[in-house]
Amino acid sequence: MGKRIGAGTLTKEHVGKEVVLKGWVHRRRDLGELIFIDLRDQSGIVQLVFNPDYSREALEIADKLRSEFVIEVHGKVIERDPETVNPNLKTGDIEVTVSEVNILNRSKPIPFLIHEAEDVSEDLRLKYRYLDLRREDMQNTFKKRHQITQSVRNFLNEQNFLELETPILTKSTPEGARDYLVPSRIHEGEFYALPQSPQLFKQLLMMSGFEKYYQIARCFRDEDLRADRQPEFTQIDIEMAFPTREDIMELTENMLKRVMKEVLDVEIETPFPRMTYHEAMERYGTDKPDTRFGMELIDITDIVKDCDFKVFSGPANSGGKVALINVEGNADKFTRNDIDGELTNFAKGYGAKGLAWIKVTDGKLTGPIAKFFTEEETKALMERANATDGDLLLFGADKAEVVHQVLGALRLKIAKQLELIDETKFNFLWIIDWPLVEYDEDEKRYVALHHPFTSPVPEDIEKLTTDPLSVRANAYDVVLNGYELGGGSIRIHDYEVQKKMFEVLGFTEEEAHEQFGFLIEALQYGAPPHGGIALGLDRIVMLLTGKENIRDVILFPKTQTATDLLMQAPSRVSEKQLDELSIKIVEEE
RNA sequence: GGCCCGGUAGUUCAGUUGGUUAGAACGCCAGCCUGUCACGCUGGAGGUCGCGGGUUCAAGUCCCGUCCGGGUCGCCA
């Protein structure tokens with residue numbers, strides 16, 4: 001009885017050795033009196049040969065083997081003849097000739113073959129996730145995910161951070177995302193909430209004297225899903241006592257640098273470029289710009305103020321904005337139909353009323369709106385846009401917010417369509433100087449852009465009550481290739497400032513005490529200055545494995561309607577369970 | 001909640017202007033095959049065209065509703 005060896009680990013070094021292999025039947029090639037089987041285990045694939053000259057008994061069993069049967073084989077590693085070497089297989093220069101085979105388990109014909117699962121519809125893959133996960137690509141993804149978390153842990157451990165756990169059953173608080181609620185059996189009519197993040201706990205840990213904390217933390221938010229959003233996801237959660245903003249940013253940069261090096265063997269430049277929120281909105285129309293390509297937004301509000309085109313001069317003269325993106329040299333890729341149809345519809349989806357456009361031909365502006373501009377305006381416009389023959393200019397004219405959204409989205413869509421993005425690049429950058437609060441038209445009050453515990457930059461504290469909208473937050477987001485990887489801030493540690501912040505957000509003193517009394521109190525017992533950051537682990541894995549979808553880097557993800565197709569969750573529960581929780585289901589009409 | 005795309009054999013798909021018995025490839029089953037590696041060859045089985053309703057002499061195809069999956073806007077401190 002030899003010891004089991006991994007199929008994918010066999011090399012020429014093993015030639016002549018007797019080995020024991022255990023794994024799955026990946027593929028079978030039955031030539032009658034000669035059968036080949038690709039045996040797959042976690043380490044890889046090796047070809048087994050069943051030859052009657054070696055063992056007729058084994059051949060007869062091999063005849064009965066089917067895809068995904070689990071087998072144990074004893075055999076000898078032999079070198080392949082040069083003409084039968086398979087260069088597509090890592091173990092292709094050897095094979096194992098089998099003397100004995102045991103069927104450890106059988107498999108029904110499976111819904112899809114492992115080697116073709118890549119092309120199978122996603123709902124079927126999710127229903128049979130344990131089959132989908134047998135694929136080499138999936139195995140590699142989760143190996144990489146493991147490497148990333150280990151790399152993060154090693155780095156933070158070396159920096160003397162403690163990995164500490166915080167509760168999953170916690171308190172529902174206002175602000176932020178919708179909570180997942182868990183009914184309490186013992187306290188009738190009361191609920192725990194699953195944490196949207198360990199935010200308050202990690203701040204309390206700083207007040208508890210743990211000066212450097214981290215956690216690979218599961219977080220829950222009951223909001224609608226997207227390609228890069230799941231209702232439960234994982235954050236690399238970090239908090240420090242006594243840090244400056246620079247400390248956290250440098251720590252984050254070094255951590256990401258280490259991960260990129262260890263996992264992808266890619267060197268990234270630090271420090272990362274920094275951009276203010278304002279600049280990001282002006283140049284890219286978004287707070288998470290993809291800087292791997294140009295096509296930046298160009299403001300032309302001043303140029304079109306007096307032009308005859310009311311669609312432009314209107315917003316330009318009433319506090320709005322007119323801007324354009326220049327699709328350089330690609331005017332011929334878009335017909336008038338493409339622009340007035342698909343692109344215009346796309347723009348309308350982001351709040352635009354329409355989509356004005358101009359093409360540049362023979363040094364002149366062409367298209368239906370070109371006639372509205374005087375010679376001077378044309379000249380200024382072309383100069384500002386750096387427009388030359390073959391360019392397509394797409395315009396946004398509206399409130400600045402709408403212009404940013406529309407052109408920002410168009411910029412991305414067109415870059416993808418024209419393949420202008422260098423997929424090998426990793427463009428990390430910081431977005432800083434965020435507004436502390438914004439005005440919510442629906443709720444008729446200020447809401448925190450980050451969260452209510454984010455401190456203003458020191459020089460703006462004065463304006464907190466007089467002009468909240470102008471106050472900059474001491475916050476920072478790290479962005480990679482157009483995705484928000486994470487964000488953090490220096491927190492409020494001053495009781496008075498925190499009280500003022502709640503006031504600005506429209507909390508009465510009573511409400512503040514009811515919801516955050518524990519924090520307000522803790523701040524009064526020697527809370528140290530503190531701050532930190534949280535990074536979305538799933539998104540990091542997604543970007544580092546080149547996936548376009550967060551579900552591909554989560555073992556058992558949920559569908560867009562937040563269901564688990566494998567376990568069939570959520571599900572009804574028994575009357576008895578409901579009774580114990582004092583819960584009654586009200587069926588909708 | 002809104003908008004968009006999709007749902008036909010186990011899987012991936014095709015299916016014309018609404019018209020005879022809904023096809024292909026892979027997989028599956030059986031037989032043959034000693035150097036295959038996407039093995040090959042021969043034969044076979046396999047369909048609630050997501051579901052419900054409507055229009056029509058006739059619906060996979062057109063209309064309405066609904067369910068499921070995906071993308072996105074709102075939402076996500």
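We name chains A, B, ... by the order of the sequence lines, and we start the count at 1 in each one.
Within 4.0 Å (heavy atoms only), A:Leu124 reaches sugar-phosphate atoms of the nucleic acid but no base atom. Contacts of A:Phe453 with the nucleic acid, taken as non-hydrogen atoms under 4.0 Å apart, are absent. Nucleic acid contact class of A:Val120 (heavy atoms, under 4.0 Å, all strands): sugar-phosphate only. Residue-level contact check: A:Glu122 touches the backbone only, with heavy atoms under 4.0 Å from sugar-phosphate atoms and none from bases. Residue contacts shown for A:Gln199 include a base, since a base heavy atom lies under 4.0 Å away. Residue A:Arg125 is out of contact with every strand shown, counting any heavy-atom pair closer than 4.0 Å. The residue A:Ser197 sits close to a base: some heavy atom pair falls under 4.0 Å. Within the 4.0 angstrom heavy-atom criterion, base atoms lie near A:Pro452. Within the 4.0 angstrom heavy-atom criterion, base atoms lie near A:Asn86.
A donor-acceptor contact under 3.5 Å is formed by the side chain of A:Gln47 with the base of B:U36. In the interface, the side chain of A:Arg29 is not paired with the base of B:C33 through any donor and acceptor atom under 3.5 Å apart. Remark: the A:Arg229 side chain and the B:C76 base include a donor-acceptor N/O pair separated by less than 3.5 Å. A donor-acceptor contact under 3.5 angstrom links the side-chain atoms of A:Arg80 to the base of B:C37. Counting atom types as modelled, A:Asp224 pairs a side-chain N or O with a base atom of B:G74 as donor and acceptor under 3.5 Å. Side-chain to base pairing of A:Glu95 with B:G35: one donor and one acceptor N or O lie within less than 3.5 Å of each other. With hydrogens and angles left out, the side chain of A:Arg226 and the base of B:G74 share a donor-acceptor pair within 3.5 Å.
Distances shorter than 4.0 Å separate none of the side-chain N or O atoms of A:Gln560 from OP1 or OP2 on B:C4. Phosphate contact (OP1/OP2 of B:G69, side-chain N/O of A:Thr559, threshold under 4.0 Å): present. Side-chain N/O atoms of A:Ser121 include none lying less than 4.0 angstrom from OP1 or OP2 on B:U11. Using a 4.0 Å cut-off, some side-chain N or O of A:Thr563 falls inside it from OP1 or OP2 of B:G69. A close approach under 4.0 Å does occur between a side-chain nitrogen or oxygen of A:Thr561 and OP1 or OP2 of B:G69. For A:Arg27, a side-chain nitrogen or oxygen approaches OP1 or OP2 of B:C39 to under 4.0 Å.
Within the 4.5 Å cutoff, no side-chain heavy atoms of A:Val46 are placed close to those of A:Arg40.
The partner of B:G69 is B:C5, judged by Watson-Crick or G-U wobble contacts that both fall below 3.5 Å. Base pairing annotation: B:C26 forms a Watson-Crick or G-U wobble pair with B:G10, both donor-acceptor distances under 3.5 Å. Base-pair partner of B:G46: not found among the strands shown (Watson-Crick or G-U wobble, both distances under 3.5 Å). The partner of B:C41, taking Watson-Crick or G-U wobble pairs whose two distances both stay under 3.5 Å, is B:G31.
Spacing between atom CZ of A:Arg66 and atom C1' of B:G10 amounts to 16 Å, rounded to whole angstrom units. The distance from atom CG of A:Leu565 to atom C1' of B:G69 is 8 Å, rounded to the nearest whole Å. Between the C1' atom of B:C5 and the CG atom of A:Asn345 lies a distance of 14 Å, rounded to the nearest Å.
In the set B:C76, B:G27, B:C73, B:G27 carries the atom at the smallest distance from any side-chain atom of A:Leu113. Closest contact between the side chain of A:Leu34 and the listed nucleotides B:G69, B:G35, B:C29 involves B:G35. Nearest nucleotide to the A:Glu223 side chain, out of B:C28, B:C75, B:G35: B:C75. Ranking B:G35, B:G71, B:A30 by closeness to the A:Leu31 side chain, first place goes to B:G35. In the set B:U36, B:U34, B:C76, B:U34 carries the atom at the smallest distance from any side-chain atom of A:Glu33.
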Assess the residue pair A:Thr11 and A:Thr91 against the criterion (side chain to side chain contact (heavy atoms under 4.5 Å, CB included)); give the C-alpha distance rounded to whole Å, side-chain angles, the decisive distance to 0.1 Å, and a yes or no. CA-CA 6 Å; A:Thr11 65; A:Thr91 60; over 6 Å; no
Using the side chain to side chain contact (heavy atoms under 4.5 Å, CB included) rule, take A:His404 and A:Lys321 through it: C-alpha gap first, then chi angles, then the decisive distance, then the call. CA-CA 9 Å; A:His404 291 154; A:Lys321 177 169 183 167; 2.8 Å; yes
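Map A:Asn51 and A:Leu449 each onto its nearest nucleotide of RNA chain B; the residue landing nearer the 5' end is A:Asn51.
In this structure, A:Phe36 has its ring center at least 6.0 angstrom away from the ring center of A:Phe50.
Judged as a side-chain hydrogen bond (donor to acceptor under 3.5 Å, both in side chains), the pairs with a partner in residues 529-540 of chain A (not counting sequence neighbours) are, in order, A:Arg145-A:Asp538, A:Gln203-A:His530.
Both tests do not hold together for A:Lys171 against A:Tyr192: distance to the six-membered ring centre under 6.0 Å, angle to the ring axis within 45°.
Residues that satisfy the side-chain contact (heavy atoms from CB on, under 4.5 Å) test with A:Asp460, not counting sequence neighbours, are A:Val457, A:Lys463, A:Val471, A:Arg472.
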